[in-house]
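Below: one structure, written as structure tokens.
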Amino acid sequence: MDPHLTKSSIDTTKVFVSQVAIAHTHWATHGPPSTINCHPHRSGPSDEFIVVHNGIITNYAEIKQVLQNHGYKFESDTDTDTVAILAKYSQPDKCITFTTLIKTILKELEGSFVFVFKSVHFPNEIVAARRGLPLLIGVKTDKKLKVDFVDVEFAGAEADTKAVESLVPPTSPTSRLAPPSLVPKISRRQSRNFMSEDGVPQPIEFFIASGAAAIVEHTKRVLYLEDDDIVHVAEGQLHIHCLRRNEPGQPDTPATLFSRS
């Protein structure tokens, strides 16, 4: 990586004022190690959607073929840019929310994966999702939090009964990161806000990563996500949604985006 940075024209002294950033340190699982196969991947030259990804999309070739038939061009040999382009293809309605859009995309995908999405259509927002691979969220604040948990948003009756993992402290002085909680879980109806003990909203940082090593230097307060959890971070707030592959009242067959003409 260093030789590439040395030869590039990037101004490494420039400071950006931004609330949202994504990055990746691995080569792609498809295609040879190369510049075009490096993450993040984009939906096209206009950078409407940016994606970083761990894992494998087992049906990416079929999706890629359909998108190519619709005239979309691909820049890499990976399965990841298929998802970025699918996001652009799946947004016919500009009023759709970022979370709803990602839910639509995930229902089309097969395999084991973790994604983080960023888009010019949703500035200063990030959506992350997992299926079959680990994903955790680190939480960093200057003050002690009033609560140490966050709810999960569901549709239907399950919303009143589902519980979530709490943010827990390390179990020993030498522990660098909290393990999954063994204490009773917290009902989703109790809280969704991260506030200081005096009840005043405070600056907060969220770190989304596949492994502990990426965030232990920043925070030891973590939330472990479950399969098909979708994380939405915007305006200093964290929301967790649970994807239902088939919404209530819908048939068990997946809804396909590609039925559109």
Side-chain angles (χ1 to χ4, degrees), residues 20 22 24 28-30 39-44 46-76 78-135 137 152-155 208 210 225-234 239-248 250-261:
V20 174
I22 61 176
H24 202 304
T29 52
H30 291 76
H39 291 249
H41 289 280
R42 61 182 186 172
S43 58
S46 59
D47 297 333
E48 292 181 55
F49 291 91
I50 303 295
V51 182
V52 292
H53 163 221
N54 276 346
I56 296 176
I57 305 164
T58 56
N59 64 333
Y60 90 96
E62 293 87 344
I63 295 174
K64 182 174 183 177
Q65 184 61 59
V66 173
L67 293 172
Q68 286 176 326
N69 292 344
H70 281 79
Y72 288 92
K73 306 297 182 182
F74 289 75
E75 298 177 326
S76 80
T78 73
D79 51 349
T80 308
D81 62 349
T82 300
V83 180
I85 294 172
L86 181 59
K88 181 176 180 180
Y89 172 81
S90 305
Q91 197 199 17
D93 182 1
K94 299 299 181 181
C95 295
I96 193 173
T97 67
F98 205 178
T99 303
T100 300
L101 175 62
I102 301 309
K103 284 183 178 180
T104 303
I105 294 169
L106 294 177
K107 289 180 180 181
E108 299 289 338
L109 304 180
E110 299 173 3
S112 297
F113 42 73
V114 170
F115 294 109
V116 180
F117 294 86
K118 190 174 182 292
S119 174
V120 296
H121 299 294
F122 307 96
N124 293 321
E125 296 184 40
I126 274 184
V127 175
R130 63 152 292 190
R131 182 183 301 163
L133 292 178
L135 186 66
I137 303 171
V152 180
E153 299 177 26
F154 291 82
I208 301 174
S210 294
L225 301 180
E226 299 179 355
D227 263 2
D228 287 324
D229 277 352
I230 300 173
V231 178
H232 179 223
V233 179
H239 294 271
I240 301 177
H241 305 259
C242 185
L243 173 69
R244 283 184 168 182
R245 310 275 183 98
N246 302 294
E247 299 293 344
Q250 297 298 316
D252 290 337
T253 54
T256 61
L257 293 165
F258 305 120
S259 61
R260 302 205 311 261
S261 58

Would you say that Thr82 contacts Ile57 through its side chain, given a criterion of any heavy-atom pair below 4.5 Å between the two side chains?
no
Here the gap from Ile50 atom CD1 to His39 atom NE2, rounded to the nearest 0.5 Å, amounts to 12.0 Å
Gap between atom CD1 of Ile63 and atom OH of Tyr72 - 0.5 Å precision:
13.5 Å
With a 4.5 Å heavy-atom cut-off, do Phe122 and Val20 have their side chains touching?
no
Which pair of heavy atoms, one from His232 and one from Glu125, lies closest together, and at what distance?
NE2-OE1, 2.7 Å
Does the side chain of Gln65 reach to within under 4.5 Å of the side chain of Gln68, using non-hydrogen atoms?
yes
Can you find a pair of side-chain heavy atoms, one from Pro40 and one from Val51, that are under 4.5 Å apart?
no
Student check: side-chain heavy atoms of Phe115 and Ile105 closer than 4.5 Å:
no
In Å, rounded to the nearest 0.5 Å, how long is the span from CG of Leu243 to OG1 of Thr99?
11.5 Å
Show your working on side chain to side chain contact (heavy atoms under 4.5 Å, CB included) between Ile22 and Ile126 and close with a plain yes or no.
CA-CA 9 Å; Ile22 61 176; Ile126 274 184; 3.6 Å; yes
Assess whether side chain to side chain contact (heavy atoms under 4.5 Å, CB included) is satisfied between Val127 and Leu101, documenting all intermediate values.
CA-CA 10 Å; Val127 175; Leu101 175 62; over 6 Å; no
What residues, two or more places apart in sequence or in another chain, satisfy side chain to side chain donor-acceptor pair (under 3.5 Å) together with Thr58?
none
Sequence neighbours excluded, which residues qualify as ring pair (Phe, Tyr, Trp, His ring centres under 6.0 Å) partners of Phe49?
His121
Residues forming a salt bridge (Lys or Arg N to Asp or Glu O under 4.0 Å) with Glu75, sequence neighbours excluded
Arg42
Do Gln91 and Ser119 touch side chain to side chain, with heavy atoms closer than 4.5 Å?
no
Kindly determine whether Ser46 and Lys88 satisfy side chain to side chain contact (heavy atoms under 4.5 Å, CB included), including the steps that lead there.
CA-CA 11 Å; Ser46 59; Lys88 181 176 180 180; 4.2 Å; yes
Side-chain contact, heavy-atom cut-off 4.5 Å: Asp79 with His53?
yes
Heavy-atom side-chain proximity of Asn54 to Arg130 below 4.5 angstrom:
no
Might you point out which heavy atoms bring Ser112 and Leu133 nearest each other, and give the distance in Å?
O-CD1, 3.8 Å
Heavy atoms of Val116 and Ala128 approach each other most closely as CG2-CB, 4.1 Å
Just checking, Lys64 and Phe74: is the charged tip under 6.0 Å from the six-membered ring centre and within 45° of the axis?
yes
Side-chain donor-acceptor contact under 3.5 Å, His41 with Thr80:
no
Got a second to check how far Ile240's CD1 is from Ile137's CD1, nearest 0.5 Å?
4.5 Å
Of all heavy-atom pairs linking Lys103 and His241, the shortest is CE-CB, 4.0 Å
Looking at Leu67 and Leu86, what are the two nearest heavy atoms and their distance?
CD1-N, 3.9 Å
Say whether, by atom type as modelled, one donor and one acceptor occur between the side chain of Asp227 and the main chain of Gly132 under 3.5 angstrom.
yes
Do any N or O atoms from the side chain of Asp81 and from the backbone of Ser76 form a donor-acceptor pair under 3.5 angstrom?
yes
So which atom in Ser210 and which in Val114 form the shortest heavy-atom distance, rounded to 0.1 Å?
OG-CG1, 4.1 Å
